[in-house]
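Since the structure comes first, as structure tokens, the remarks are kept for the end.
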Amino acid sequence: MADQTTLDLADLSFWDSTPEESAPEAFAVLRRQQSVARYPMPSTLWTPDPDPEDSYWAVLGYEDIRALSRDQKHFTTTQGVQWEDLSPEIVEASTSFLGMDDPRHAAVRALVSSGFTPKQVRQLEEGIRRDAEQVVAELDDHDTGDFVQFVSRRLPTMTIMRMIGVPESDHERLADVAEAAVSWNDPEFLEGRNPQEMIGEVIATFHQAAIEIAQHRAKHPADDLMTAIVQAEVDGQKLTLDEIGAFFVLLSVAGNDTTRQATSHTMLALTRFPDQRRLLIEDLEGRIDTAIEEFVRFSTPVMTFRRTATADTELGGQQIAEGDRVVMFYASGNRDEAVFEDPDRFDLLRNPNRHLGFGGGGAHYCMGAPLAKLQMRALFTNLLRRYPDLEVGAPRYMVGNFIDAISGMEMQRGARAA
């Protein structure tokens with residue numbers, strides 16, 4: 001039984017623990033008590049002294065998360081997707097269509113989704129496979145080192161930056177900026193910096209890069225997503241440079257950091273559960289696609305997502321008032337014993353596996369899901385074939401209630417397979 005401190009979702013220290021050890025048990029206790037429950041707003045580095053009367057609803061159960069995800073009539077993302085009330089300027093400059101409601105959301109999403117259709121993803125597949133082979137082959141020069149730096153962060157960076165047309169010389173710099181965008185709750189990462197100032201710098205950096213690329217693509221079209229965005233129209237009008245900048249922020253963060261964290265958490269799980277690793281390697285080609293779904297469920301890199309009520313309504317037996325913050329806990333829903341048998345088990349043959357790792361469905365379901373699966377398939381197929389005995393040590397976690405981020409994790413590469 002988790003203690004009372006562990007169960008306090010209003011305490012940022014809850015998110016400073018080892019998630020694999022404490023969070024599943026804590027969430028199970030809370031789900032049994034009340035699947036949808038009100039909690040005081042936590043003290044964070046963004047809002048160190050919240051109003052004691054201020055609160056949010058935690059949605060912990062799988063079915064309630066799915067119901068909320070699909071309810072555009074009563075809930076909106078236009079006021080932000082994180083717990084804290086970020087300024088309207090920051091929300092607009094960083095969330096793109098994620099922070100819109102229909103019909104504008106549908107129109108802009110349709111435009112952007114042109115880069116994520118099955119056809120477009122298949123066209124990216126060769127490049128992703130080639131990049132994955134390169135990332136793994138370069139481990140030949142490193143017996144030990146930081147798995148996050150050598151592996152986890154590299155493939156998603158290469159993929160997203162190529163899609164948008166970022167010059168290769170800027171890949172690492174912008175990957176660092178993307179990491180900062182989800183690390184502002186971590187004192188160690190901040191090193192005394194003001195989190196609001198840091199987020200402002202992140203947005204400004206991304207917008208400047210996007211504007212330069214967009215202006216270049218307007219004159220010199222190429223076969224990439226930025227060209228499609230610059231040329232397309234929504235309701236008879238082209239996207240503004242500010243709108244293109246906001247999309248670049250969203251794509252760089254969502255497409256980079258989430259896949260990176262799923263990769264790190266999966267390697268940690270494969271190390272901790274060697275029986276599952278052996279099971280996968282026995283029939284890698286036949287089992288990898290089923291295994292990837294469990295990679296995502298077990299890791300749940302995006303832990304939470306917020307909506308705001310636009311009208312009085314009911315959810316999970318609770319009366320939600322207009323203006324209330326409502327936070328979906330994907331990390332809890334993906335361990336809901338009412339849906340998943342033995343949910344805390346890392347089971348690479350789990351089927352069916354209707355996890356919430358890409359959201360609970362509805363209009364805001366992650367359009368990059370096929371791309372993320374393709375990246376993980378390419379990476380782990382190469383990694384387990386070339387270095388089947390690679391293991392990682394204890395992870396270093398970042399403090400935060402949004403992304404379950406591993407900042408570093410030492411590896412022992414092991415011998416290369418014959």
Side-chain angles (χ1 to χ4, degrees), residues 27 31 35-36 57-82 95-118 121 250-251 253-255 258-259 261-262 289-290 292-311 313-318 320 325-341 343 350-374 376 402-404:
F27 286 137
R31 283 193 306 272
S35 177
V36 178
W57 291 96
V59 184
L60 301 164
Y62 179 94
E63 294 299 344
D64 290 324
I65 291 173
R66 284 177 59 85
L68 174 56
S69 298
R70 289 163 163 75
D71 189 351
Q72 284 191 286
K73 180 179 180 181
H74 298 102
F75 299 98
T76 182
T77 60
T78 59
Q79 297 183 41
V81 298
Q82 297 185 349
T95 58
S96 186
F97 61 88
L98 185 59
M100 300 176 185
D101 290 333
D102 287 340
R104 180 69 175 174
H105 165 266
V108 177
R109 182 182 172 103
L111 164 61
V112 174
S113 66
S114 64
F116 292 91
T117 63
V121 170
L250 174 62
L251 179 66
V253 174
T258 52
T259 306
Q261 303 309 334
D289 290 332
T290 300
I292 286 170
E293 301 299 336
E294 184 70 347
F295 292 173
V296 177
R297 183 197 73 89
F298 199 79
S299 64
T300 313
V302 179
M303 296 186 291
T304 64
F305 233 69
R306 168 188 165 186
R307 299 284 192 271
T308 304
T310 57
T313 188
E314 182 272 337
L315 181 69
Q318 301 296 320
I320 311 297
R325 302 178 189 85
V326 187
V327 180
M328 297 175 285
F329 282 66
Y330 299 133
S332 174
N334 272 343
R335 300 296 181 95
D336 192 335
E337 59 280 348
V339 177
F340 301 100
E341 182 179 353
R350 187 182 297 276
N351 190 23
N353 194 343
R354 295 168 53 243
H355 60 78
L356 304 170
F358 295 116
H364 289 288
Y365 185 77
C366 178
M367 69 167 59
L371 185 64
K373 293 177 185 180
L374 183 59
M376 284 188 283
F402 184 48
I403 300 292
D404 192 1

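You'll find the side chain of T77 stays beyond 4.5 Å of the side chain of T95, heavy atoms only. Taking the side chain as every heavy atom from C-beta outward, R325 and Q79 never approach each other to under 4.5 Å. Under the 4.5 Å side-chain criterion, counting only non-hydrogen atoms from C-beta, Q261 is not in contact with D404. You'll find the side chain of Y62 reaches within 4.5 Å of the side chain of R354, heavy atoms only. Side chains of T258 and I403 form a contact here, defined as non-hydrogen atoms less than 4.5 Å apart. By the 4.5 Å heavy-atom criterion applied to side chains, V326 and F75 are counted as neighbours.
Judged by the 6.0 Å distance and 45° axis criteria, R335 is not positioned over the aromatic ring of Y330. In this structure, R297 satisfies the cation-pi test against F340, with its NZ or CZ atom closer than 6.0 Å to the six-membered ring centre and inside 45 degrees of the ring normal.
The CG atom of D336 lies 7.0 Å from the OG atom of S35; values are rounded to the nearest 0.5 Å. The distance from atom NE2 of H364 to atom CE of M100, rounded to the nearest 0.5 Å, is 10.0 Å. Here CH2 of W57 is found 4.5 Å from CD1 of I320. Values are rounded to the nearest 0.5 Å. If you take CG on D71 and OG1 on T76, they are separated by 11.0 Å, rounding to the nearest 0.5 Å. Q82 contributes atom CD, which lies 7.5 Å from atom OG1 of T304 (distance to the nearest 0.5 angstrom). Separation of atoms CG (L68) and CZ (R70) is listed at 11.0 Å; rounding is to 0.5 Å.
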Could you go step by step and tell me if E337 and R31 meet the side-chain contact (heavy atoms from CB on, under 4.5 Å) rule? CA-CA 10 Å; E337 59 280 348; R31 283 193 306 272; 2.7 Å; yes

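Ring orientation note: the planes of F97 and H105 are tilted relative to one another, at an angle of 30° to 60°.
Looking at residues two or more places apart in sequence or on another chain, you find no ring-ring contact (aromatic ring centres under 6.0 Å, His included) involving H74. Partners of F305 according to the ring-ring contact (aromatic ring centres under 6.0 Å, His included) rule, which considers only residues two or more places apart in sequence or in another chain, are F402.
Closest heavy-atom contact between F27 and A331: CE1-CB, 3.9 Å. Shown here for T259 and A372, the closest heavy-atom pair between the two residues is OG1-CB, 3.9 Å. Residues S69 and G361 approach most closely at CB-O, 3.5 Å, considering heavy atoms. Scanning both residues, V36 and Q318, for their nearest heavy atoms gives O-CG, 3.3 Å. Taking every heavy atom of both residues into account, S332 and L60 meet most closely at OG-O, 2.8 Å.
The residues K373 and E293 are annotated as salt-bridged, a charged nitrogen and a carboxylate oxygen being separated by less than 4.0 angstrom.
Side-chain N or O atoms of N334 include one that pairs as donor or acceptor with a backbone N or O of L356 at under 3.5 Å. Side chain of R350 to backbone of E341: a donor-acceptor contact under 3.5 angstrom is found.
In the model, R306 has a side-chain atom that pairs as donor or acceptor with a side-chain atom of T308 under 3.5 Å. Between the side chains of E294 and N353, at least one donor N or O lies within less than 3.5 Å of an accepting N or O.
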